[in-house]
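Order of listing sets the numbers, starting from 1, for every ligand and every atom in it. Just so you know, these numbers use all the heavy atoms, side chains as well, and skip hydrogens, waters and symmetry mates. Being a predicted model, the structure only gives us computed values, none of them experimental.
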Amino acid sequence: MNKLQKFADNLTFPNLFQYPFLHREDCPMRGKWNSDYFKNDLPVVVEIGCGKGEYTTVLSEKYPDKNFIGIDIKGARLWKGAKYACEHNLKRVAFIRARADFIEKIFDRDEVSEIWITFPDPQHAKERKRLTSPMFLERYRRILATGSNAGHSGRIHLKTDDTILYLYTLDDIVLGGGLPLFTCSDNVYSDSLPELEDVRSVQTFYEQMWLRMGKKIKYICFGLKLE
Ligand SMILES: C[S@@+](CC[C@H](N)C(=O)[O-])C[C@H]1O[C@@H](n2cnc3c(N)ncnc32)[C@H](O)[C@@H]1O
C-alpha cells in the first residue's frame with residue numbers, strides 16, 4: 001500500500017490524532033486525554049518516535065491498568081500501529097502525529113506517568129535535536145507526574161542501538177546531572193536482570209534491523225528531579 005492510501009486511511013482511524021501546527025496553538029486534547037478519549041483515570045504512558053508503534057500496542061495488551069499513546073511525525077509509520085489497534089480493539093491506545101518538540105502543547109502538567117523513547121535518531125551532530133538532550137528533558141519534566149518516590153518524576157526509558165547516544169545519556173545527562181538511575185544495560189540480551197523483561201519482550205521494526213546487523217541493544221531507565 002502506498003503512502004497516499006495510508007494517509008487516507010489515517011483520516012478514518014478514531015485512535016489517530018493529527019496535529020501538524022502545534023507551534024501555533026495548543027492541542028485541543030491537552031489535559032483531556034483521560035477524560036475525553038480514554039474515559040478512565042489510568043496512568044498515561046507515552047512512546048516518543050514510536051514509528052509503527054510496537055511498544056504502544058504490545059504494552060497496552062500486557063498492561064490493562066495503563067493507557068498508551070504513541071507519537072511520531074511520520075504518518076505512514078503510525079498507520080501500522082493505528083490500524084493494528086483498531087483491528088484488535090485496543091481501547092487504551094492512541095497515536096498522535098506531531099513533533100515531540102511540542103509535547104508540552106499535547107500534554108498538560110502531570111498528565112503523563114512514563115515515557116518510552118525507542119530507537120530515536122541519535123542526532124550526533126545536533127544535540128538540541130536529541131530526544132534525551134537537556135532541552136527535551138525540560139519539556140518532559142513539565143508533563144511528567146511524580147514517580148513512585150516523591151521528589152522525582154515517572155520513569156523515562158531509552159532503548160537504543162547507538163553507543164554514542166547511550167553513553168551521552170548515561171554519563172552526561174543522568175549521572176552528570178545527578179538524576180535517579182533505575183537500570184542500565186549495554187547489552188539487554190546478555191543481561192539477565194528481571195527488570196529488563198519489557199525491554200527484551202518487544203522488538204521494534206528498527207530494533208530488528210539493528211539486531212540483524214549484529215548491533216548490541218542498550219537501555220537506560222531514569223527519572224527527572226521535580227521542582
Ligand atoms: C529510527 S526511527 C525508530 C522508530 C521506532 N521507534 C522503531 O524503533 O522502529 C525514529 C523515529 O522517530 C521519529 N522522530 C524523529 N524525530 C521526531 C520528533 N522530533 N518528534 C516525533 N517523532 C520523531 C521518526 O519519524 C522515526 O519514526
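Within the listing of ligand 1, atoms 9 (O) sit less than 4.0 angstrom from a heavy atom of F205. For ligand 1, the atoms sitting less than 4.0 Å from at least one non-hydrogen atom of F119 are 1 (C), 2 (S), 3 (C), 8 (O), 10 (C), numbered in the order shown with element in parentheses. Near A98, meaning under 4.0 Å from one of its heavy atoms, ligand 1 places the atoms 21 (C). Every atom of ligand 1 is numbered from 1 in the order shown, and the set under 4.0 Å from a heavy atom of R99 is 19 (N), 20 (N). Each of the following atoms of ligand 1 lies closer than 4.0 Å to a heavy atom of D121: 1 (C), 10 (C), 15 (C).
With rounding to the nearest 0.5 angstrom, the CZ atom of F13 is 6.5 Å from the CH2 atom of W79. One finds the CG atom of D9 at 13.5 Å from the NZ atom of K80 (value rounded to the nearest 0.5 Å). Separation of atoms CD1 (I69) and OG (S60) is listed at 12.0 Å; rounding is to 0.5 Å. We find the CG-CG distance between N10 and L4 to be 11.5 Å, quoted to the nearest 0.5 Å.
Looking at Y19 and K105, their side chains never bring a donor and an acceptor atom within 3.5 Å of each other. Remark: the Y189 side chain and the Q203 side chain contain an N/O donor-acceptor pair separated by less than 3.5 Å.
Note: an N/O pair closer than 3.5 Å links R77 and ligand 1 by distance alone. Ligand 1 has a nitrogen or oxygen under 3.5 angstrom from a nitrogen or oxygen of A100. Considering both main-chain and side-chain atoms, T118 comes within under 3.5 Å of ligand 1 through a nitrogen or oxygen pair. Remark: ligand 1 and T204 share an N or O pair separated by less than 3.5 Å (distance only, no angle test). Ligand 1 has no nitrogen or oxygen under 3.5 angstrom from a nitrogen or oxygen of E54.
The nearest heavy-atom contact from the protein to atom 9 (O) of ligand 1 is Y206 N, 3.0 Å. Protein heavy atom at the shortest distance from atom 4 (C) of ligand 1 is G49 O, 3.5 Å.
Taking the six-membered ring where tryptophan is involved, the planes of Y37 and F17 are perpendicular, since the angle between them exceeds 60° and thus also 30°.
Annotation: cation-pi pair R97/F7 present, NZ/CZ under 6.0 Å from the ring centroid and within 45° of its normal.
In this structure, of L78, I73, D161, the residue bringing a heavy atom nearest to atom 17 (C) of ligand 1 is I73. Compare D101, I117, I103, D72 by their heavy atoms: the one nearest to atom 19 (N) of ligand 1 is in D101.
Residue E47 is tested with D72, I117, T118 for a side-chain contact (heavy atoms from CB on, under 4.5 Å); the sole match is T118.
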